[in-house]
Each structure stands twice: as structure tokens, then as C-alpha cells.
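Whatever order the structure lists ligands and atoms in, that order sets their numbers, starting from 1. Excluded from the calculations below are hydrogen atoms, water molecules and symmetry mates; all remaining heavy atoms, backbone and side chain alike, are included.
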Amino acid sequence: MTSASTQNRQSTQPRKVIYDTDPGVDDAMALYFALAHPGIELVGITTTFGNVTVEQATVNALYLTQLSGHDIPVTCGVAKPWAMPGKPPPTFIHGDDGLGNLGQRQPAKRQRDPRSSAQFIVDMARAHPGEITLVPVGPLGNLALALKLEPELPKLIREVVLMGGTVIEPGNVSPVAEANIWNDPHAADLVFTAGWPLTMVGLDVTHQLILPGALFDDIAAHHRHPATDALRHAVAFYADFYSNLYAHVGAVRGCYGHDVLAFIRLVAPELFTTLNGRIRVTTDGIGQGQTMMHRRGDMFFVQPGWGDDCPVSTACLTVDAEAAKALFLNTLMSPWLPAAPKH
Ligand code: BDR
Ligand code: CA
């Protein structure tokens with residue numbers, strides 16, 4: 001085989017991804033996008049507390065994969081923040097069960113992998129050095145713990161593409177903080193300073209992607225499948241929250257697509273503009289969870305913590321939202337689901 005054809009084959013190989021998640025309604029839509037997209041090979045789902053307890057997140061990850069006919073390992077991760085007490089889950093956004101109060105569920109058939117989420121990340125990184133991409137879309141405690149278990153992890157991981165934080169757009173839990181980072185700022189600072197290739201997909205771009213509720217009605221009508229029915233139900237609850245909060249989102253009875261944008265960045269980076277710089281997290285006080293970006297190149301600051309020991313990350317600043325929405329819809333409309341059981 002020529003080196004050119006080898007290169008071509010490598011570039012068309014799907015990316016091996018571990019999805020670190022707190023499902024969560026937008027986590028569920030991102031999961032189904034990842035399962036449907038041919039450029040992504042989900043090799044594991046690692047759960048964390050966040051939108052729900054970690055136990056509920058694990059139940060939901062198992063259920064969503066069961067509904068969609070996928071037998072991917074699911075592990076249970078951290079139950080609380082790194083260095084502060086946990087907060088109650090935001091049931092008013094994602095429902096008591098994290099999936100918009102689904103009601104009666106099909107009997108559970110899947111079992112979790114017995115390893116912790118952090119141990120699973122380490123095991124997979126050691127087994128596939130340089131091949132695994134981490135896509136975390138919740139608080140970052142599993143990644144922080146994995147870094148403690150294996151200090152060489154940044155050299156073993158191909159890339160981290162996370163949903164969280166913000167550079168210019170106002171926060172969604174305080175004027176400056178985004179929820180995932182605010183929920184565990186100490187873990188987040190460890191992740192931003194670990195030294196792996198890291199891209200932050202934050203509110204700067206996720207607040208540009210408004211997904212109308214009707215999109216999910218169309219997807220459900222197209223597939224007539226329990227997986228897309230569940231997603232439609234969950235999104236209706238979530239869209240109520242966002243529609244009541246933001247008039248321009250309410251105009252389409254829609255919601256922000258937060259978590260799915262991390263996967264869209266992975267498969268369609270050309271849709272984004274970005275900025276490179278060092279990123280740190282405020283761990284306490286009034287600015288808790290703020291992602292602070294050094295936007296002045298290599299300018300020296302007297303404040304320690306911004307020197308060469310702090311790695312340069314990439315932050316997404318704009319996205320072609322129409323193209324991202326079309327990619328989302330086309331991917332979810334593709335024939336990615338097994339035949340629905342007759343009912
Ligand atoms: C993030 O917080 C969670 O509510 C969502 O799932 C998303 O990951 C948005 O701030
Ligand atoms: Ca999430």
C-alpha cells in the first residue's frame with residue numbers, strides 16, 4: 001500500500017471517542033448524534049454527576065444505549081465535586097429523571113461496566129495510546145481523577161474536546177460562569193492545565209445553536225422508534241425551560257444544543273472560528289467557575305499561573321449555526337437505528 005493511500009485510510013477512520021456525560025437532555029441528543037455519525041466510534045460512555053446524580057446518569061446512559069440498540073460499555077464516575085460540597089441537580093431544566101420525566105420505561109437489560117469512569121479512561125488510553133479522544137460534556141471530575149491515576153495520561157490521549165466554559169458570552173449560572181465548570185471548578189482547572197491538546201466548546205458557540213422543538217418531532221416521525229420518541233419527549237421538557245427563559249429561543253419552542261456541539265466540532269471543525277490562549281478557572285468566590293483566557297499572546301503577567309507551565313488551549317468563538325443545525329438534522333435522519341420492535 002502506498003503511503004498516500006495509508007494516509008487516506010487513516011483520515012477516513014472513525015475517531016475512537018470516550019463520551020464523558022451527565023445525561024441530561026442535551027447529553028442525550030449528543031449521544032444519539034455520536035452514535036449516528038460515521039466519523040465517530042464511541043468506545044465507552046463514562047458518567048458523572050451534574051444534571052442528575054451519577055447513579056441516575058448511569059441508569060440513563062444504559063437506557064439510552066439500550067433503546068437505540070447499542071452495546072457500548074457504560075461506567076459510573078464521580079458523585080461529587082473535587083473540593084467542595086455538591087449541589088442538588090437542576091431538576092427544573094432536565095426533569096427529575098434527567099430525561100424530561102420519561103414516565104414508564106422499558107425494563108432495563110444492560111449492566112454497567114464495573115470499573116470507575118476514571119479507571120476506564122486510563123485503561124482505554126493505555127490500550128490505545130494516541131488514539132482516544134475524550135469528549136466531556138459535564139463537570140470534569142472523571143478526567144481530573146484519571147489524571148491522578150495516570151500522570152502520563154496527556155501523552156496517551158489524542159485530544160480533549162469539551163463542552164463547558166465561556167470566553168466572551170455571559171455565563172449561565174452567574175454573570176461569568178458556565179454550569180459544567182462551575183459545578184466542579186477545581187477539577188476543571190486541573191483539566192485545563194494538564195497539557196493535552198484541548199478545545200473548549202463553550203457558551204460562546206453553544207448559545208448560537210438553537211434547535212427548534214419541531215426538529216425533534218420530525219426526527220421522531222421519520223424513525224418511529226422508541227429511541228427517538230424518548231428524545232422527543234425529553235427535548236419537549238427541556239425546550240419549555242429554555243423557551244420561558246429566552247424570548248428568541250421561545251419563538252421556535254426550542255433549546256440550546258450545548259453538548260452536541262462538542263461532537264460537531266470534532267467532525268466539522270471548519271464550521272468554527274477559534275482563538276488560542278492559556279485558560280484557567282476561578283475556583284472560589286464570586287467568580288467561581290469562570291474560565292479566564294489569556295488573550296494577549298505571550299505577554300508576561302506578574303500574577304503567577306499564566307507562564308509557560310500553563311498550556312495553550314483552543315476556544316471556539318463562533319459557529320456557522322445553520323450548517324451545524326443541518327448537520328445535526330441530516331445525521332439524526334440517517335438510517336442509524338436498528339428496526340424498531342413491533343408494538
Ligand atoms: C451544560 O450544562 C448542562 O446543563 C448541559 O447538559 C450542558 O452540558 C450547559 O451549560
Ligand atoms: Ca451535559
Can you pull out the closest protein heavy atom to [atom]? Residue, atom name and distance to 0.1 Å, please.
| atom | value |
| --- | --- |
| atom 2 (O) of ligand 1 | Asn180 OD1, 3.4 Å |
| atom 8 (O) of ligand 1 | Asp259 OD1, 2.5 Å |
| atom 1 (C) of ligand 1 | Glu178 OE2, 3.2 Å |
| atom 6 (O) of ligand 1 | Asp26 OD1, 2.6 Å |

Please give the atom name: the N, O or S atom of Asp27 nearest to the Ca ion (ligand 2).
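The closest N, O or S atom of Asp27 to the Ca ion (ligand 2) is OD2.
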
The N/O/S atom of Asp22 lying closest to the Ca ion (ligand 2) is OD1

With a heavy-atom distance limit of 4.0 Å, tell me whether Val137 approaches ligand 1 through its side chain, its backbone, both, or neither.
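Val137 to ligand 1: backbone contact only, side chain stays beyond 4.0 Å.
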
So which bit of Ile93 gets within less than 4.0 Å of ligand 1, heavy atoms only: side chain, backbone, both or neither?
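Answer for Ile93: neither.
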
Test the Arg115-Phe120 pair against the cation-pi criterion, namely NZ or CZ under 6.0 angstrom from the six-membered ring centroid and within 45° of the ring axis.
no

Please check whether [X] reaches ligand 1 - meaning an N/O of the residue sits under 3.5 Å from an N/O of the ligand, judged on distance alone.
| X | answer |
| --- | --- |
| Asn51 | yes |
| Asp27 | yes |
| Asn172 | yes |

Is the Ca ion (ligand 2) less than 3.0 Å from at least one N/O/S atom of Ala30?
no

N, O or S of Asp259 under 3.0 Å from the Ca ion (ligand 2):
yes

